[in-house]
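Working notes, beginning with the structure itself.
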Number of protein chains: 2
Amino acid sequence: MTLKDIAEIAGVSIKTASRAMNDYPDIKKETKELILSIAKEHHYVPNIAAKSLRQNRSYSIGLVVPDLTNVFFGEVGIAIHNYFKKHGYSTLISFSEGQKSTEIESLDSLLAKQVDGIILATVGSTGSRLKTILKQKNIPLVVIDNVVNNLRTNIVLHDNQYNSYLLTRHLYDQGCRNIGLISGPLSETSGRRRYEGFLKAMHEVGLEVNSNHIVYGDWTIKSGRRATEQLLEQTGSTLDGIIAGNSLMAFGMYSVLNEHNLHIPSDIAVASFDDLEIVEALDPPLTTLSKVDSIIGELAAKRLYTLIKKPDDQELLETLVKAELKVRRSTLRNS
Amino acid sequence: MTLKDIAEIAGVSIKTASRAMNDYPDIKKETKELILSIAKEHHYVPNIAAKSLRQNRSYSIGLVVPDLTNVFFGEVGIAIHNYFKKHGYSTLISFSEGQKSTEIESLDSLLAKQVDGIILATVGSTGSRLKTILKQKNIPLVVIDNVVNNLRTNIVLHDNQYNSYLLTRHLYDQGCRNIGLISGPLSETSGRRRYEGFLKAMHEVGLEVNSNHIVYGDWTIKSGRRATEQLLEQTGSTLDGIIAGNSLMAFGMYSVLNEHNLHIPSDIAVASFDDLEIVEALDPPLTTLSKVDSIIGELAAKRLYTLIKKPDDQELLETLVKAELKVRRSTLRNS
DNA sequence: TTGAAAGCGCTAACAG
DNA sequence: CTGTTAGCGCTTTCAA
């Protein structure tokens, strides 16, 4: 069932049929309605390959993520997919597996498929390489959840600094005065910004930041255990609050605090960032930030769509997404 | 940069260039090498839209899953994507969000994109509807991890019965003689087959199955808690082993056993199915089955690829994937 | 408001 | 072994 068939049945030219299908202005209302009803009746589906070929657009976008089994990227991916689906685009997902070389490969292969735009959750391709790839093809790009060195581009990410500030203030509001931080690596943007937000809040409430109060992990459960041990040792268990840089590290922290017979929240109040399903099941349930994954995905998709529709839009937007507190028992000391 | 450009530079006809690019036999070796080197030098990338249009194939396959944030579907998706990438195909992922209506929609939209084949992790579309959709277009289909009523098709799934048998035998081998089961819903194939494997093992070792020893949950943490409470009540805590139908329910079980001061594994040995990252962090670490997610994905991809390449292959294969035991401390009673 | 004809880049069929 | 011709389904001129 092609446009030609539809046109024949309707007794019009193929072009008129095309006009009807694509909402062109120059067509009589009745003709259009007739054609549309015939198309519907015969389950006409336009051939996207032909359309692409002619218009030099693919009606597909590319999404590069490190790993889909990570809930964050999963949620983001779904949001992006749904947004573009509404606009008749398909989403090609590609994986970088956390490696720069694979990331570049994925980008190349997406470009070969003539995607109309790309959303990239980078693991840190150097900006210059990215710039070469994209400028030469002039394909719109939106980066999520990481900044790319040496590349000014559109970007959507957590407002890590604000969010960290929010958590820290919350512990303070709950009466904590000796707050520790299990930070992620400062070499990573998200780790550094969370660190900065912590410092900012501490400053603002007039608490001194003792370097003993800050330890580092690499986002894993195991490193959370290790970091907590170190933190307790360095501070002689004088802490009354701890912020964990992410929820996996918080998970490690729970078991260590448990082993030390430190009660949450009465001895130590604890809070963390990501709202994983599992934090509800911890004892006590862990205070975290609300999930903004799908908001990030949708904002990135929206921005990319605009860029595709208006390629002359040269504005570079950095969109920071703020989360809200999800207060649970692990920080409730006042009630 | 098109084939025509390449042909001009090489001083051959456009068709000859095409022959070189597509590994056709009828071409002189030197000509081919010349053309390939020119193509490489100019970063020639074939226009897939044109190719599709001409050959009536899209070089893409569709994957329909309920939800990508589920680790199982994530792993399966990655495996499928990687397999088809090797063969020059892209994978279009679509979500059913666990709803039949969305599942049908997703299938329709994939068909509109003229995918060459579909892999479906169904939530239970009725077979007749699926049959209509696919037979009319004659598109190869492989179903994963669920059976579709009234539809004979290629399918790849966990050997749930065998796996359940394996876990039950393991508890027996560890000395358990009063084994309970927290089953998933028997209305779901995976729940029922796990149930059957449990019964089979119990029979084989000559243990009687008391109906008090079997309770039901709906795969969630919460239902695991409830089911465990019920189980302990019904049996008066005489159990020395429990199989949980999945790891989330096992997670709920842990907290209840803990509250009842029942020690794992000395009082009760426990084991479960899915090997989530989190089970390593439980105290004690939980014995589970090995992860076969990516094996399932790869087998499904391989089968679909065969069907695409040999559309006359009418054989319907049901591939059952067996797991192995991953013994951890939660069942170690002998050593 | 509509139609005719050309052509996007590629490959199948057929000739040479 | 290589080239010519036609056409996949659609949209874009341009003319009516």
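- Using a 4.0 Å heavy-atom distance criterion, B:Leu53 is classed as a base contact.
- Here B:Thr2 does not reach the OP1 or OP2 of C:dG9: none of its side-chain N or O atoms lies under 4.0 Å away.
- Considering B:Lys86, B:Lys310, B:His87 as possible partners of B:Tyr305, the one that fulfils the side chain to side chain donor-acceptor pair (under 3.5 Å) test is B:His87.
- When the options A:Val321, A:Ile119, A:Leu157 are evaluated for a side chain to side chain contact (heavy atoms under 4.5 Å, CB included) with A:Ile144, the one that passes is A:Ile119.
- For the pair A:Lys15 NZ and D:dA15 P, the computed distance is 17 Å after rounding to whole Å.
- Checking A:Lys29 against B:Pro46, the closest nucleotide of DNA chain C that is more toward the 5' end is the one next to A:Lys29.
- Within the structure, every side-chain polar atom (N or O) of A:Thr16 is placed at least 4.0 Å from both OP1 and OP2 of C:dT2.
- Exactly one of A:Val65, A:Val292, A:Asp274, A:Asp145 qualifies for a side chain to side chain contact (heavy atoms under 4.5 Å, CB included) with A:Phe72. That residue is A:Asp145.
- Between A:Tyr44 and D:dC10 there is a side-chain N or O to OP1 or OP2 distance below 4.0 Å.
- When each of D:dT2, D:dG7, C:dG9 is scored by its nearest atom to the side-chain atoms of B:Ala50, the top-ranked nucleotide is C:dG9.
- The two residues A:Leu92 and A:Leu110 have their closest heavy-atom pair at CB-CD2, 3.8 Å.
- An OP1 or OP2 oxygen of D:dT2 is reached within less than 4.0 angstrom by no side-chain nitrogen or oxygen of B:Tyr24.
- In this structure, A:Lys309 places its NZ atom where more than 12 heavy-atom neighbours from other residues, nucleotides or ligands lie under 6.0 Å away.
- Set against C:dG9, D:dC10, C:dT1, the side chain of A:Lys28 has C:dT1 as its closest nucleotide.
- Distance B:Asn22 CG to C:dG9 C1': 12 Å, rounded to the nearest Å.
- Contact of the B:Thr16 side chain with the B:Ile27 side chain is registered, since non-hydrogen atoms from C-beta on lie closer than 4.5 Å.
- Taking only side-chain nitrogens and oxygens, B:Gln55 comes nearer than 4.0 Å to OP1 or OP2 of C:dA12.
- Of the side-chain N and O atoms in A:Ser18, none sit less than 4.0 angstrom from OP1 or OP2 of D:dC10.
- With a 4.5 Å cut-off on side-chain heavy atoms, A:Ile38 and A:Ile35 do not count as touching.
- Atom-to-atom, NZ of A:Lys4 to P of D:dC8 comes out at 6 Å; the value is rounded to the nearest Å.
- Taking only side-chain nitrogens and oxygens, A:Ser13 never comes nearer than 4.0 Å to OP1 or OP2 of C:dT2.
- For the helix from C:dT1-D:dA16 to C:dG16-D:dC1, the rotation axes defined at the first and last 5 base pairs enclose an angle of 30°, given to the nearest 10°.
- Each of B:Val45 and B:Arg19 was matched to the nucleotide of DNA chain C holding its nearest heavy atom; the match closer to the 5' end belongs to B:Val45.
- The CG-C1' distance, from A:Leu3 to D:dC8, rounds to 13 Å in whole Å.
- The phosphate of C:dC8 has neither OP1 nor OP2 within less than 4.0 Å of any side-chain N or O from B:Asn47.
- A:Lys51 comes within 4.0 angstrom of the backbone, heavy atoms only, and of no base.
- For the pair A:Ile6 CD1 and C:dG3 P, the computed distance is 15 Å after rounding to whole Å.
- For A:Asp116 (side chain) and A:Ser58 (main-chain N/O), a donor-acceptor pair under 3.5 Å exists by modelled atom type.
- Atoms CD1 (B:Ile14) and C1' (D:dG7) sit 13 Å apart, rounded to a whole Å.
- B:Asn56 comes within 4.0 angstrom of nothing in the nucleic acid, heavy atoms only.
- B:Ile48 has its CD1 atom 11 Å from the P atom of C:dT11, to the nearest Å.
- Residue A:Thr31 is in sugar-phosphate contact alone, with no base atom involved, counting any heavy-atom pair closer than 4.0 Å across all strands shown.
- One can place CG of B:Asp5 at 13 Å from C1' of C:dC10, the figure rounded to the nearest angstrom.
- Partner A:Val143 forms a side chain to side chain contact (heavy atoms under 4.5 Å, CB included) with one of A:Ile118, A:Asn154, A:Thr153, A:Val156 and no other, that one being A:Thr153.
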